[in-house]
Peer 1: 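Got a structure for you, questions after.
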Amino acid sequence: VPPTATITAISTNSTIGCGGSNATVILSGATTPTNAAYTWLPGLQTTQTLSVTTAGIYTLVAVDAVNGCSGISQFTVDGNTNPPQGIDAGTNASIACGSSSISLSGITTTTNSNFSWAGPSATSIVPGTETTAFPIVTEVGDYTLTVTDNLTGCSSSDVVTVSQAIATASITANPTTGISPLTVAFTGSGVGTPTYSWNFGDSNTSSFQNPSNTFTSGTYTVILTTTSGSCIATATVEIIVEDGFSLEIPNVFTPNNDGSNDFFSIKSSGIKEISLQIFNRWGEKLYEFSGPKASWDGLAPNGLVVPEGTYFYFVKATGFDGTEIEKHGSVNLFR
């Protein structure tokens with residue numbers, strides 16, 4: 001006659017989970033007659049009790065010590081150690097300018113679960129919201145959402161980063177120098193989606209992100225202001241506009257020190273540099289000058305006063321836009 005074997009769960013729980021109170025199920029075997037030997041499968045453990053930490057089917061084999069007959073019994077341990085699914089602490093967020101807090105949003109696809117949030121400090125989450133799906137946080141840093149399955153005790157986590165919103169401003173201008181009238185294309189940028197306000201320094205303004213403006217002669221400081229909530233940032237760029245390229249060369253001058261028309265002076269605009277050479281009627285060079293402005297006082301290289309008469313000039317000018325022009329002619333000197 002084979003012995004009979006039975007299995008019972010003697011622990012407070014009979015289901016395997018992740019929590020400390022249900023991580024182990026203790027099975028106990030019993031046989032008739034009582035002198036049978038125990039063998040548990042899997043594992044070949046020969047004690048009367050068996051500690052189980054994973055779900056599955058467990059078999060107890062009882063062997064009668066007198067007749068060698070055996071009997072078996074099986075026990076199914078149910079359980080679930082899968083962590084909660086679909087955990088998401090939300091996208092990274094910023095505390096808006098002028099605000100001291102922001103609400104986060106956590107989700108999970110596992111039902112019958114609870115939420116627990118942890119922040120960078122003990123006071124970074126408004127009390128009473130740390131166990132909800134929508135905590136209110138007050139500091140920058142990383143926030144960890146932990147979701148726990150109430151049935152199994154299994155948990156899963158996700159992290160979201162909170163930063164402080166700021167405003168930034170930067171300008172790209174093309175070109176920044178040129179000849180009047182000069183049309184300049186501007187590109188503005190700032191973090192997020194700020195509003196843009198331009199002051200071009202010539203009484204013109206714009207609220208577009210990438211405007212353009214036409215400048216006349218002068219130097220202008222262009223100011224861009226970006227606004228994000230209560231955050232404000234500014235950036236500046238300088239625009240330099242020269243007069244158009246022109247030369248005006250006189251044909252007579254009177255270097256008699258009376259304070260009127262004493263110099264042979266070349267009037268110019270839009271000129272970066274002028275090279276001036278003066279010759280007499282025999283081809284002798286009397287004067288040479290290079291620079292942004294050019295004039296002759298009627299003196300020879302040795303410092304002596306040249307006589308009245310007709311003299312010849314050669315002018316080479318370079319504009320700010322790179323244009324070059326050459327002119328030559330005569331000028332009459334009277335004293």
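Only heavy atoms go into these numbers, but all of them, side chains included; no hydrogens, no water, no symmetry mates.
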Peer 1: Not counting sequence neighbours, which residues clear salt bridge (charged side-chain N to carboxylate O under 4.0 Å, His left out) with K285? List them please.
Peer 2: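 Checked K285 against salt bridge (charged side-chain N to carboxylate O under 4.0 Å, His left out); matches are E288.
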Peer 1: Give me each pair satisfying side-chain hydrogen bond (donor to acceptor under 3.5 Å, both in side chains) with a member in residues 160-178, each pair once, sequence neighbours excluded.
Peer 2: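 Checked against side-chain hydrogen bond (donor to acceptor under 3.5 Å, both in side chains) - neighbours excluded - the pairs reaching residues 160-178 are S94-S163, D142-T161, S170-S189.
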Peer 1: Between T146 and S157, is there a side-chain donor-acceptor contact under 3.5 Å, judged purely by atom types and distance?
Peer 2: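 Judged by distance alone, the side chains do pair up.
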Peer 1: Partners of Y313 by ring pair (Phe, Tyr, Trp, His ring centres under 6.0 Å), sequence neighbours excluded?
Peer 2: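 By the ring pair (Phe, Tyr, Trp, His ring centres under 6.0 Å) rule, Y313 matches F264.
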Peer 1: Under 30°, 30 to 60°, or over 60°: which ring-plane class applies to F215 and Y220, parallel, tilted or perpendicular?
Peer 2: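 F215 vs Y220 ring planes: tilted.
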Peer 1: Would the W296 and F289 ring centres measure less than 6.0 Å apart?
Peer 2: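 Ring centres of F289 and W296 not closer than 6.0 Å.
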Peer 1: Which residue pairs pass the disulfide bond (SG atoms under 2.5 Å apart) test when at least one of the two sits in residues 277-335, sequence neighbours left out?
Peer 2: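 Matches after skipping sequence neighbours: none remain.
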Peer 1: Listing request: all side-chain hydrogen bond (donor to acceptor under 3.5 Å, both in side chains) pairs with a residue in residues 106-115, at least two apart in sequence or in separate chains.
Peer 2: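 Matches after skipping sequence neighbours: N112-N150, N114-N150.
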Peer 1: Sequence neighbours excluded, which residues qualify as salt bridge (charged side-chain N to carboxylate O under 4.0 Å, His left out) partners of E139?
Peer 2: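 Listed in chain order: nothing, the list is empty.
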Peer 1: State, without any angle test, whether T183 and T214 hold a side-chain donor-acceptor pair at a distance under 3.5 Å.
Peer 2: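 The criterion, which ignores hydrogens and geometry beyond distance, is satisfied for T214 and T183.
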Peer 1: Between T138 and S101, is any side-chain donor less than 3.5 angstrom from a side-chain acceptor?
Peer 2: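 No, no side-chain donor-acceptor pair sits under 3.5 Å.
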Peer 1: Roughly how far, to the nearest 0.5 Å, is CH2 of W198 from OG1 of T226?
Peer 2: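 Reported to 0.5 Å precision, the distance equals 10.0 Å.
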Peer 1: Is there a ring-ring contact (aromatic ring centres under 6.0 Å, His included) between Y311 and Y287? Walk through the geometry before answering.
Peer 2: CA-CA 11 Å; Y311 295 87; Y287 179 78; over 10 Å; no
